[in-house]
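Order of listing sets the numbers, starting from 1, for every ligand and every atom in it.
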Amino acid sequence: MITKYTYGNPFDTEAIMTPIPATGGAPVHGSVSLEGGFTFSYTMAAHDVVYGLGEAIRGINKRGHRYVSNCSDVPDHVEDLPSLYGAHNFLIVDGRETFGLFFDYPAAITFDVGHSLQDELTVSCEEADLDLYVIEGESAYDIVRQFRKIIGRSYIPPKFAFGFGQSRWGYTTAEDFKNVVKQYRENHIPMDLLYMDIDYMEGYKDFTVNEKNFPDFKAFVDEMKAQDIHLVPIIDAGVKIEEGYDVYEEGVKNNYFCKREDGSDFAAAVWPGRTHFPDMLNKDAREWFGSKYEILVSQGIDAFWNDMNEPAIFYSDEGLAEYKEFLQKYMDDKDGQIPFFAVQYLPKMLSNSPKDYERFYHNVNGKMVRHDKVHNLFGYNMTRAAGEAFEKISPDKRILMFSRSSYIGMHRYGGIWTGDNKSWWSHLLMNLKMMPSLNMCGFLYSGADLGGFGADTTRDLLLRWLALGIFTPLMRNHAAIRTREQEFYQFENVEDFRHVVGVRYRLIPYLYSEFMKAALNDDMYFKPLAFDYPGDEMAREVEDQLMLGNEIMIAPVYTQNASGRYVYLPEEMKFVKFMPDGSIYEETLPQGSHYVKIALNEVSMFIRKGKCVPVVDVAESVDKIDMDTLKYIGYEGATYDLYEDDGISRI
Ligand code: GLC
């Protein structure tokens, strides 16, 4: 049962696909105040759990923190960070009363989930122009499924996107890329995707390829394809300002860029230097930007990642001028010196400054809308531009697409990766906790930068992180420039990596089958334990294990120097370990808590009572998986309904 309440004049975000007529009066749960903006309040019972909010830090249970949906380019995912790259305004209160809430509002909105007052849930935003959906159901899981039905089916990638992908910011020439593939193939570490970060471009200009580094790009793409490698170029939101660059010139000519109040094109510096932002909220501009992906698709590219689309701003023309003035004034006042606090504060004035988001406008059906009022829709609509274009450019075949920034609704056009994490053990655990919350909001094809993006990884962290990553639909090793090189062949005993990645490929028929069932039925791929064991009080508090599909539970090791971990089994299960010699260890464990040993080079999972899981032999690419080697592990006599398709045709 879903009830919609409309306040003021909401902006149509197009997040919801099933129209629901609005009801008047007070919401069925909680209360709303329209004084000085919008505030929703609800008093939680002591043991209520709050689920949801998609991409956000902290736990599966969101209680005890304050989150702000305000798409942000943030490199330090510390524990008290209020905002990440996405805005996923869906949450569920589960306990004394069980209900879901979706706040369809495109600007910044704050979720105080027992932060100011332990039992108070307060959701507030500046303007009382929004749609609030209250969803009632039998359980939190049932509420998720109802919500997922009204937001439309999740994006379905091609099957090759379930292969492993290597990435690093800094690969520049065709030789750099070829060398990575050579090392993977020579070491027999399975691989399907090779990511091209910003350096493949000419001067960081979208839809260009550096001709010096790639004299024959199409031939290079074909050469990679011949080795079962799909290249995944990055596309950034900002279009470089440069005379003679066709994308820039067309955008200016047709008024496709975001404008200042005076009608001039707004300029912000990102990787290419000064850029203009395509007006992703303008239908024509969106269609135009989307059509540009064809430049690369026509050269054989069938996969992309969209980045910097919060949109990230290093500085704007106006911001830089203000900064210089401020700095000068400071120095004049202090005899030419800059005090420590100013050194700390001044750069923050420049990047991703809220003031800059008030400096440009979108043309939405002829109406100028100031960016900050619709800020959280930018990345969503960039990816929608691509997704809608792909339906024309590639009507028969699926194209891989995922984005950094997102809003609910974008899940129909692409997946997401969770941005610039660090090589920290805590971020391995955060990766795990985020996954079910993302699934609640429709983002099924998702994953984190395995091994950590920022900071220097270690061999053990990478191996442990991979043992989680082999279960996430997006499985990518990505790292920042100037960090320790973390391709698997950079480490000693490369056979351990070969084995762990190999387990991913042994499980792809199962993982793909469960992913497809989740996508086609508006269901979840990753669930909190409590969703499958609703009456179990212990399961309700588990924050470091997940249910995957209908057959398995995962419980990766996420602490350093550990030879195993404690795990809670809500029922009897088979403890399975993929051993380095290729054998599969199975042991039946009774319901309850156990300490299980898991070595660095083993991959573990648990099969639910009475169920079985298909496995195949290791293959070095998704295409080479031999279904004739398929066998089942787990409970004898169990049956499994394997979903299969050609992995590429649109569904
Ligand atoms: C951003 C992205 C990161 C990428 C870098 C350079 O920080 O999040 O993945 O490597 O930009 O393009």
Side-chain angles (χ1 to χ4, degrees), residues 55 57 71-78 81 83-86 165-173 176-177 180 193-210 213 231-240 268-273 275 277 296 303-315 347 350-352 378-379 382-383 400-406 410 414-424 427 430-431 434 443 445-457 465 469 472 474-487:
E55 186 184 56
I57 50 143
C71 298
S72 304
D73 170 24
V74 272
D76 292 312
H77 305 174
V78 289
L81 193 70
S83 313
L84 282 166
Y85 312 87
Q166 179 61 51
S167 187
R168 180 175 176 82
W169 175 10
Y171 300 151
T172 305
T173 65
D176 293 343
F177 289 97
V180 175
L193 303 135
L194 178 59
Y195 288 82
M196 306 184 83
D197 207 322
I198 47 174
D199 298 296
Y200 78 88
M201 291 182 254
E202 173 73 52
Y204 305 139
K205 284 180 286 190
D206 280 342
F207 311 112
T208 68
V209 174
N210 184 304
N213 295 329
L231 294 166
V232 195
I234 195 170
I235 303 292
D236 280 357
V239 170
K240 185 175 170 73
V270 205
W271 299 125
T275 68
F277 292 141
L296 292 161
F304 295 91
W305 49 311
N306 279 348
D307 192 21
M308 309 302 275
N309 50 2
E310 293 68 35
I313 297 180
F314 295 169
Y315 57 87
L350 276 179
S351 296
N352 307 318
F378 191 90
M382 177 185 180
T383 298
L400 169 59
M401 162 53 69
F402 61 87
S403 168
R404 193 170 72 175
S405 187
S406 59
M410 200 208 84
I416 63 158
W417 96 99
T418 57
D420 298 347
N421 61 9
K422 290 227 161 45
S423 299
W424 294 346
H427 280 185
M430 186 169 76
N431 179 181
M434 242 187 240
F443 296 93
Y445 188 77
S446 50
D449 287 348
L450 303 174
F453 173 76
D456 291 337
T457 202
W465 210 327
T472 60
L474 166 62
M475 182 193 185
R476 176 173 82 147
N477 173 355
H478 180 45
I481 198 161
R482 289 188 283 273
T483 59
R484 179 178 184 176
E485 292 178 311
Q486 62 186 45
E487 297 83 6

If the plane angle is over 60° it's perpendicular, under 30° parallel, otherwise tilted; pick one for Tyr445 and Phe402. tilted
Short N-O contact, Arg168 and Asp197, less than 4.0 angstrom: no
Residues around ligand 1, heavy atom under 4.0 Å from any ligand atom, sorted by chain and number. Can you pull those? Trp169, Asp197, Ile198, Ile234, Trp271, Trp305, Asp307, Met308, Arg404, Trp417, Asp420, Phe453, His478
Please name all residues satisfying side-chain hydrogen bond (donor to acceptor under 3.5 Å, both in side chains) with Trp305, sequence neighbours left out, ordered by chain then number. none
If you apply the rule side chain to side chain contact (heavy atoms under 4.5 Å, CB included), what do you find for Asp307 with Trp417, and how did you get there? CA-CA 10 Å; Asp307 192 21; Trp417 96 99; 3.5 Å; yes
Looking at Thr383, Asp236, Thr418, Asp73, which one forms a side chain to side chain donor-acceptor pair (under 3.5 Å) with Arg404? Asp73
Between Asn213 and Thr172, does any side-chain donor sit less than 3.5 Å from a side-chain acceptor? no
